[in-house]
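Here is the structure we will look at, set down as structure tokens.
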Amino acid sequence: MSLAHTTVLLCAWGSLQAFEIVEKENIFLKTPCPAFLMFDNAAYLADMSFELPCHCKPEEVPAVVWYYQKHVGSSHTKVLTDFDGRVLTEAAQVRVGSDMLVRFSIRMFSLLVFRAQPEDSGLYFCGTRKGEYFYAYDVDIQSNEGMVATFKDMGQKPFADEYYGNLHVFTTFWEWTPCDRCGVRGEQWRIGLCYLQSPDLSPRYRRTQSDVVSCGSQAVPRRLRTTVRDHMPELLVQSCLVPCEKKNRFRESVLAIYNYVSKVGSKPWVPKVPIQFHQQRLGHGLIISCPGARPEHAVAWDKDHQHLYRTQYLKGVNRSMRVFIDHGNQLHIRFTQLSDRGIYYCWRQGVQIAGFRLSVTSRGHYPASLSDPETRAAVELTLISYLLITAIFVTVHLCRCCCYSFRFCPMFSP
């Protein structure tokens, strides 16, 4: 290739790269910031992770700062950054119940909140270090406590809409999840959140539909919030059956032969998915999480060859359930018994991805730890009993002192 051809190609490549850079820099120029700050309404279910993009900012602003307020005009404002480039937070490292300042991350001007809780509901502002706001959100995190499950295969139907004069309360359902299993009967579900329609909403909050916002929005007047308080989120569940994707049949044939040979003791057993081993004390509780799964994912659990369907094992179906699946897709085993031993398989988005081999033992010495829920419960019960006895003791002696001080206390003979 001649020098002239090389020069032309380099110039063309440089022009394309410059064009790419200009296009990326002009993303925010396409969305002008509003002259009057408005709030975009967004609703999520508790324990979900969500992203709030900063849709607009001035071109001269190189970085954004996110702020949080519980209510409009609140004197207490949280600054969701350390101004020096916060260390990125990964969803797998975030635990349920952590403070919001630990559960957030800022990436490409967008705010990510992991495992959101109802206490995180409020107003989120995108702005600068000086407190100048460009874009804002009205976020409503609805609790999954008391969430109502509706099983379509049993003929059950979601809640009917409620009308209170000009107030219309209803449930808005998300899209159906994929089937949680393949090759066998599975389940899929859709989450429904509480919404309302009223002409009395604050005009400062933007809605996707006219006069419609989520029930926990700041746009809802206080007198209406008590009316919609009892309308809980819903979960609509139905059966499904989908085929599995075709895999490498040669590999499956080799594994089948390998497992057959293992039965006669020549080779070790090779599982289809990674297996994690866990030993649990008899009578203690256990919570198993599916790797990489989030509450909005389609997650299923099997014990050996038994399918644990939500129609029987979903939390709240039966109050006396010892083994159940919560709304965050975690498997709970209360008061572990010897019959709980086995392999628990986890499905995520229709694919079996992991297994947990559980063994139950009643032997061995286990040091007490405050991270153990049973230990914490025993300590709390002991402290409450001690405080109660102390309060009774002090009250009795105070009464006796008062009696002797005013000399009308009855005399007790031995």
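All values reported here derive from a predicted model rather than from experimental measurement. For reference, positions follow the sequence shown, starting with 1.
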Can you name the ring-ring contact (aromatic ring centres under 6.0 Å, His included) partners of [X], sequence neighbours left out?
| X | answer |
| --- | --- |
| Y195 | none |
| F335 | none |
| H307 | Y309 |
| F50 | Y44 |

Is there a side-chain contact between [X] and [Y] (heavy atoms, below 4.5 Å)?
| X | Y | answer |
| --- | --- | --- |
| H327 | D47 | no |
| L331 | V323 | yes |
| R322 | D340 | yes |
| T128 | F134 | yes |
| V148 | H231 | no |
| L314 | L235 | yes |
| Y205 | N41 | no |
| T77 | F125 | no |

List the atom of [X], the atom of [Y], and the distance in Å for their closest heavy-atom pair.
| X | Y | value |
| --- | --- | --- |
| V273 | A354 | CG2-C, 3.8 Å |
| C290 | V299 | CB-CG1, 4.0 Å |
| T311 | V317 | O-CG1, 3.8 Å |
| L241 | G183 | CD1-C, 4.3 Å |
| R181 | V242 | O-CG2, 3.4 Å |
| S289 | F356 | O-CZ, 3.5 Å |

Which residues share a side-chain contact (heavy atoms from CB on, under 4.5 Å) with [X], sequence neighbours left out:
| X | answer |
| --- | --- |
| Q312 | none |
| L282 | L338, V360, S362 |
| E119 | Q117 |

>> With side chain to side chain contact (heavy atoms under 4.5 Å, CB included) as the criterion, how do V64 and L111 come out once you've worked through the C-alpha distance, each side chain's angles and the decisive distance to 0.1 Å?
In response: CA-CA 10 Å; V64 299; L111 177 68; over 6 Å; no
> Checking side chain to side chain contact (heavy atoms under 4.5 Å, CB included) against L196, which of V212, L201, T227 comes through?
Replying inline: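 Single pass found, and it is L201.
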Donor-acceptor contact below 3.5 Å, side chain [X] vs main chain [Y]:
| X | Y | value |
| --- | --- | --- |
| N144 | G328 | no |
| E234 | P158 | no |
| W301 | F324 | no |
| W66 | F109 | yes |
| S49 | R115 | yes |
| E187 | R310 | yes |
| R348 | P291 | yes |
| Q156 | F151 | yes |
| R190 | E175 | no |
| Q349 | A298 | yes |

> CZ of F170: more than 12 outside heavy atoms within 6.0 angstrom?
Replying inline: yes
>> Looking at R225, I'd like to know if its CZ atom is crowded, meaning that more than 12 non-hydrogen atoms belonging to other residues, nucleotides or ligands lie closer than 6.0 Å.
In response: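 Counting neighbours around CZ of R225, more than 12 heavy atoms of other residues, nucleotides or ligands fall under 6.0 Å, so yes.
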Can you see whether [X] engages [Y] through a side-chain donor-acceptor pair at a distance of less than 3.5 angstrom?
| X | Y | value |
| --- | --- | --- |
| Y164 | E162 | yes |
| H278 | Q276 | no |
| Q188 | T177 | no |

[X] side, atom [atom1]; [Y] side, atom [atom2] - distance, nearest 0.5 Å:
| X | Y | atom1 | atom2 | result |
| --- | --- | --- | --- | --- |
| I106 | L52 | CD1 | CG | 11.0 Å |
| Q330 | L286 | CD | CG | 10.5 Å |
| H55 | S110 | NE2 | OG | 8.0 Å |
| Q280 | Q337 | CD | CD | 12.5 Å |
| D161 | Q197 | CG | CD | 10.0 Å |
| C194 | R229 | SG | CZ | 12.5 Å |

Donor-acceptor pairs under 3.5 Å, side chain of residues 217-224 to any protein atom, not counting sequence neighbours: which ones?
unit_1, atom_1, unit_2, atom_2, d
S217, OG, D138, OD2, 2.3
S217, OG, A219, N, 3.0
Q218, OE1, H71, ND1, 3.4
Q218, NE2, K70, O, 3.3
R223, NH2, D200, OD2, 3.0

>> Quick test of your reading: applying disulfide bond (SG atoms under 2.5 Å apart), list the pairs with at least one residue in residues 217-246, sequence neighbours left out, ordered by first then second residue.
In response: C179-C240, C182-C244
> Any disulfide bond (SG atoms under 2.5 Å apart) pairs touching residues 105-161, not counting sequence neighbours?
Replying inline: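 Sorted pair list: C54-C126.
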>> Which residue is it: Y345, W347, Y344? I am looking for the one with a side-chain hydrogen bond (donor to acceptor under 3.5 Å, both in side chains) to D302.
In response: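 Among Y345, W347, Y344, the one that satisfies the side-chain hydrogen bond (donor to acceptor under 3.5 Å, both in side chains) with D302 is W347.
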>> Please identify which of these residues, Y135, Y124, Y137, meets the side-chain hydrogen bond (donor to acceptor under 3.5 Å, both in side chains) condition with D40.
In response: Y135
Validation: residues 388-398 side-chain donor-acceptor distances under 3.5 Å, sequence neighbours left out:
unit_1, atom_1, unit_2, atom_2, d
T390, OG1, Y386, O, 2.8
T395, OG1, A391, O, 2.7

> Should M147 and I191 be marked as a side chain to side chain contact (heavy atoms under 4.5 Å, CB included) after you check the CA-CA gap, both sets of side-chain angles, and the distance that decides it?
Replying inline: CA-CA 10 Å; M147 190 175 184; I191 297 172; 4.1 Å; yes
> Can you list the residues that meet the salt bridge (charged side-chain N to carboxylate O under 4.0 Å, His left out) rule with E145, with sequence neighbours excluded?
Replying inline: K315
> Are E296 and R294 ion-paired here, with the side-chain N under 4.0 Å from a carboxylate O?
Replying inline: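 Salt bridge present between E296 and R294.
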